[in-house]
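What you are looking at is a predicted structure, and each value in this text was computed from that prediction instead of being measured. Per chain, numbering begins at 1; letters A, B, ... match sequence-line order.
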Amino acid sequence: MDVRDLVGEAFAGMLARPVRSALTTLGTVLGITTLVITLGVAATAGNQIVGRFDELVATAITVEVPESKHTPLVAWDAIDRLTRLRGVVSAAAVAENKDSVNLSVRSNDLVDPTRVTAQTLTVLAATPGLPEAARGRMTRGRFFDTGHIERADRVAVLGEQAAKMLGVTRLDRAPAIFIGRNAYTVIGIMGDLRRERDLSAAVIVPPSVGRQFGLRDVTRVLVNTSLGAADLVAGQAPTALSPGNGDALQVIAPPSPTRARDQAQDDVDALFLILGLVSLVVGAVGIANVTLVTVMERVAEIGLRRSLGAARRHIAAQFLLESTLTGLAGGVIGASVGVVGIVAISAAKEWTPLLDVWLAVAAPVAGAVVGLLAGLYPALRAARMEPVDALR
Amino acid sequence: MPEPVIELDRVRKDFPSRPPVRALADVSLRVDPGDYVAVIGPSGSGKSTLLNVLGLLDRPTSGSYRLDGTETTELADGARTRLRGRRIGFVFQSFHLLAHRTVVENVMLAEIYGDHARKGRRERALAALERVGLGHRVGFLPDRLSGGERQRAAIARALMGEPSLLLCDEPTGNLDSRNTEAVLDLFDELREHGLTILVITHEQEVSGRAARRVRITDGVLVEEA
Ligand SMILES: Nc1ncnc2c1ncn2[C@@H]1O[C@H](COP(=O)(O)OP(=O)(O)OP(=O)(O)O)[C@@H](O)[C@H]1O
Ligand SMILES: [Mg+2]
């Protein structure tokens, strides 16, 4: 028997009852659509997470410096060595300790005596590179420089939030704040932080000033690298910061991009996957059921074909192909609807849809396999039929 | 002497039911090329059983059946199927036309199994339809045809592939006398062209047109004068 004839007969058999065939595919369509949307949206969303965080997360390194009894593990000027490393875009050292996080800070009494201006704020010491290292900018004024540090000038930079809390809005009158008893001149306000956002509610002073609050040693180093350099820098940073004691430092590096993607993919909503698989099983049962009914309805046709010289395998092949084509049709429709669904969801979320070619090819194949499996039993029943009985 | 188309030698068919039924009791029959044989007998006498054995749809319990000189009782299923497709055309009482296929497609169906060339199939089908006088109905669906036309379409299908034997089980059972007449005229014509025909029938009208009559009673076959 020519394969073209077999395919022709299978198509004719399917198209003889078009409405029934269409309804039969419904379960498969539903299952494949669910699976395609679930997998497609997960991949799209995963790509989105990685994409959005790429430049930020994938290039941000934090080095935690444990407390040390004797000589500090990281000296303040070690930052210069770190900055010279290839791939380092910006870096800053920060000192913070238990006592410095709860200091009472007041703004200049003379500005507005009626206002309760004392706030409990975090006071930090930091190197001049902090605004860049925190991925922010100076919204007002300027950050202190090495000159301020060397002279141990009593200056301070406020985080945006801290400035608001203290009622400091303008710098032209050189406002002062009081930390404890001492006054400090506010020379800048730092805002729009995209990293270390809690710095927004902090008061930052030069390291030479921080000593007064017990902020002697570096406790944390913020590093930003160029894209793709994070792994390299993360490996080199400890030695650069603390030659000989690098092992004691704790480097928090971003997960490599591939891992980030995997992670996102693992977050696929398992419920939807199960739902899709269940729909597929239901679809398979539907196809099996209808094919079995079709076989029973077409007993006379089976008998006729046997009388015309059809072997059992010809009968089996025809019904198997019919159910496979039904499943394939369901798979194709399901894949199409699914892709449209992914595009629609992406459009609604303003994502770039990620359409996996593999998914678009696998979905119809999965539908065909469902149809094939569903047709096995009915096809066997049809083939087993004795021609004498079929023609009675 | 030409090789007989059918040569049955003491063919027996028992059905292992309760009680067991002997549907064919040592039937011997010889049908030569160009014979036109009518098989008559009361209901339940074994006519259809005989036709099933002759059509290789069923195996006899014992005995020998040679079709065109080939001993068939020893053949495996696949070989019997091929032989059936090649040598035998069936005509059924209920036509067995596929309702969703046109007349010509139904006729072409006879050639899709076995090793016929796809090329020229439609032409052969059209020729077969022309032969049974249905050249003007080739694109019709079966439910648009009269009973007689349907049976002629089924006969055209049976004639595809040029069988050596046409087996008909009550071919006029569903037809009125006018349509019966047309089908019988067609049989006469086919026989004149050398086709071997075996017809099972109840009807006097049909058996009367056949050159030979055999009667089955309770599985026993007797030649009628
Ligand atoms: N599969 C079977 N199992 C048991 N008995 C059977 C079977 N097939 C046929 N018979 C019996 O064999 C006998 C012959 O049956 P067959 O169908 O050949 O009769 P028939 O001559 O064709 O009758 P009718 O004219 O009514 O069609 C009947 O008694 C029938 O009951
Ligand atoms: Mg009968």
* Does a side-chain heavy-atom distance below 4.5 Å link A:L308 with B:R157? -> yes
Pairs of heavy atoms under 4.5 Å with chain B: top-ranked of [options]:
| options | result |
| --- | --- |
| A:A311, A:A300, A:S307, A:A390 | A:S307 |
| A:R313, A:R4, A:E386 | A:R4 |
| A:L304, A:D5, A:L391 | A:D5 |

Can you tell me which portion of [X] sits under 4.5 Å from chain B's heavy atoms? Options are side chain, backbone, both or neither.
| X | answer |
| --- | --- |
| A:R305 | both |
| A:R306 | both |
| A:L6 | neither |

* **Nearest-0.5 Å distance that lies between atom OH in B:Y113 and atom NE2 in A:H314** => 7.5 Å
* Closest heavy-atom pair and its distance - B:L57, A:P387 -> CD2-CB, 3.7 Å
* Would you name the heavy atoms of A:V388 and B:N52 that are closest together and state the gap between them? => CG1-ND2, 3.2 Å
At a heavy-atom separation under 4.5 Å, does [X] approach chain A through its side chain, its backbone, both, or neither?
| X | value |
| --- | --- |
| B:D77 | side chain |
| B:L109 | both |
| B:R118 | side chain |

* Atom CD of B:E162 with >12 non-hydrogen neighbours under 6.0 angstrom -> no
* **Whether over 12 other heavy atoms sit under 6.0 Å from B:R59 CZ** => yes
* Asked: Among residues 89-108 of chain B, which residues come closer than 4.5 Å to chain A, judged by heavy atom distances?
  -> B:F90, B:F92, B:H96, B:L98, B:H100, B:R101
* Residues in residues 11-20 of chain A that sit under 4.5 Å from chain B, counting heavy atoms only -> A:A12, A:A16, A:R17
* Heavy-atom pair count under 4.5 Å with chain A, highest-scoring of B:D169, B:D115, B:I112 -> B:I112
* To do: Please assess B:R121 against A:D2 for the test salt bridge (Lys or Arg N to Asp or Glu O under 4.0 Å), listing each intermediate value before the final yes or no.
  => CA-CA 13 Å; B:R121 181 184 294 166; A:D2 196 300; over 6 Å; no
